[in-house]
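First comes the structure, then the notes that go with it.
All residue numbers refer to positions in the sequence shown, counting from 1. As the structure is a prediction and not an experimental result, all values here were calculated from the model. Just follow the structure's listing: the first ligand is 1, and inside any ligand the first atom is 1.
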Amino acid sequence: MPKPFIATPNKTKDILKKHQFAFKKSLGQNFLVDVNVLGRIIEHAGIDLHSGVIEIGPGIGSLTEQLAIHSDQVIAYEIDQRLLPILEDTLQAYENTKVIHADILQADVHAAIRDNFTENQPIHVVANLPYYITTPILMKLLQDKLPVSSLTVMIQKEVADRMAAQPNSKSYGSLSVAVQYYTEAEVAMHVPKQAFIPPPNVTSSVLKLTMREKPPVSVRDEEQFFSVVRACFVHRRKTLLNNLANYSKALSKQQLTILLNRIGISQTRRGESLSIAEFAELANALYET
Ligand code: SAM
């Protein structure tokens, strides 16, 4: 096993110099250089030697190397072609890793899981995500309904707070409902800027998403449910009734008031106070009209 690990400032600087690698800010390239932080991410992810792991954006392989050591097998998706020869070099000792050159937003992850992991193997997504597309990546992975147990990702603190937020908090919004429809969300830890080269401009947190076996509520139509949720947050300061009146052209304010009364939700409440169960009840009632 090559020592020192990639995730140390000196080794990372050596690799960058050897390959004359120049960071692309547009691809969110901030590489981790703290093995302790990586160890804690892997612990939070619940990885063990039976786990299959999907990584997004291996960079020069700092997290990939630790995942390779602590799991059964790793598939890593990297969009930047310049990193492929570097990864071939840095990960050559780890035969249980496979790098796929692809944009994760375009990739067929279901097929990769079928081709690379054994049936019934617990699969986890672990990544230090490129911050410019955190939400699209996570929503794609969740909406694709991948057979994974959890997603443990380093993202911008503010986004992690929004995804894990509970009703009646400043961060609670349609993103919290969407993420928590599929998962149980928990902010696992915060990571200082010094853990990266180059240091990012924002504060970072590790978010652990544990997949639910089934959604916590039953909705008539998922797409309609999410569009009702989004509508209730369009103007955060407006009441539920006013936001719904803008959304539902078919129903008058009076009809909406009757509908809200029937399901026991006050028309003067704001979207930010509704639980997922209440959003589901509201969306199902609207669906039936
Ligand atoms: N995992 C490495 C680490 O922790 O040091 C690098 C993380 S860096 C924050 C994000 C990585 O994602 C970069 O290597 C970047 O090139 C890659 N990336 C950016 N957009 C991507 C996409 N759409 N699909 C796959 N990889 C992407």
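At the top of the distance list for atom 20 (N) of ligand 1, counting protein heavy atoms only, stands Tyr132 OH, 3.0 Å. Protein heavy atom at the shortest distance from atom 21 (C) of ligand 1 is Ile79 CG2, 3.5 Å. Among protein heavy atoms, the minimum distance from atom 12 (O) of ligand 1 is reached at Gly57 CA, 3.1 Å. Scanning the protein heavy atoms around atom 16 (O) of ligand 1, the nearest turns out to be Glu78 OE2, 2.6 Å. Annotation: atom 9 (C) of ligand 1 to nearest protein heavy atom, Gly28 O, 3.1 Å. Protein heavy atom nearest atom 2 (C) of ligand 1, with residue, atom name and distance: Pro58 O, 3.3 Å.
Contacts with ligand 1 closer than 4.0 Å are made by backbone heavy atoms (N, CA, C, O) of Tyr77 only, the side chain lying farther away. Looking at Met154 against ligand 1, nothing comes within 4.0 Å, counting heavy atoms. Only the side chain of Leu83 comes within contact range of ligand 1, with a heavy atom under 4.0 Å; no backbone atom does. Residue contacts with ligand 1, taken as heavy atom pairs separated by less than 4.0 Å, involve Ile133 solely via side-chain atoms from C-beta onward. Counting heavy atoms closer than 4.0 Å to ligand 1, residue Ala127 contributes nothing at all.
Annotation for ligand 1: atoms under 4.0 Å from non-hydrogen atoms of Ala102 are 24 (N), 25 (C).
Leu138 and Val179 end up in the same hydrophobic cluster when Ile, Leu, Val, Met, Phe, Trp and Tyr side chains are linked at under 4.5 Å. Two different hydrophobic clusters hold Leu67 and Leu129 under the rule that ILVMFWY side chains link at heavy-atom gaps under 4.5 Å. The hydrophobic cluster containing Phe225 also contains Leu259, counting ILVMFWY residues as joined when their side-chain heavy atoms lie under 4.5 angstrom apart, directly or transitively.
Side-chain atoms of Glu65 and Tyr94 form a donor-acceptor pair, as typed in the model, at a separation below 3.5 Å.
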Checking side chain to side chain contact (heavy atoms under 4.5 Å, CB included) for the pair Ser62/Ile6: CA distance, chi angles, key distance, verdict? CA-CA 5 Å; Ser62 24; Ile6 302 166; 4.1 Å; yes
Could you give me the CA-CA distance, side-chain angles and deciding distance for Val217 and Phe279, then say whether side chain to side chain contact (heavy atoms under 4.5 Å, CB included) is met? CA-CA 9 Å; Val217 290; Phe279 276 121; over 6 Å; no
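Distances between N or O atoms of Pro130 and those of ligand 1 include no value under 3.5 Å. Residue contacts with ligand 1: Phe31 is placed with no nitrogen or oxygen under 3.5 Å of a nitrogen or oxygen of the ligand (distance criterion only). The shortest N/O to N/O separation between Leu105 and ligand 1 does not fall below 3.5 Å.
Heavy-atom neighbours of Arg269 CZ from other residues, nucleotides or ligands within 6.0 Å: above the threshold of 12.
The aromatic rings of Phe233 and Tyr172 sit perpendicular, their planes meeting at an angle over 60°, well past the 30° parallel limit.
Residues Thr12 and Leu16 meet the side-chain proximity criterion, which asks for heavy atoms closer than 4.5 Å.
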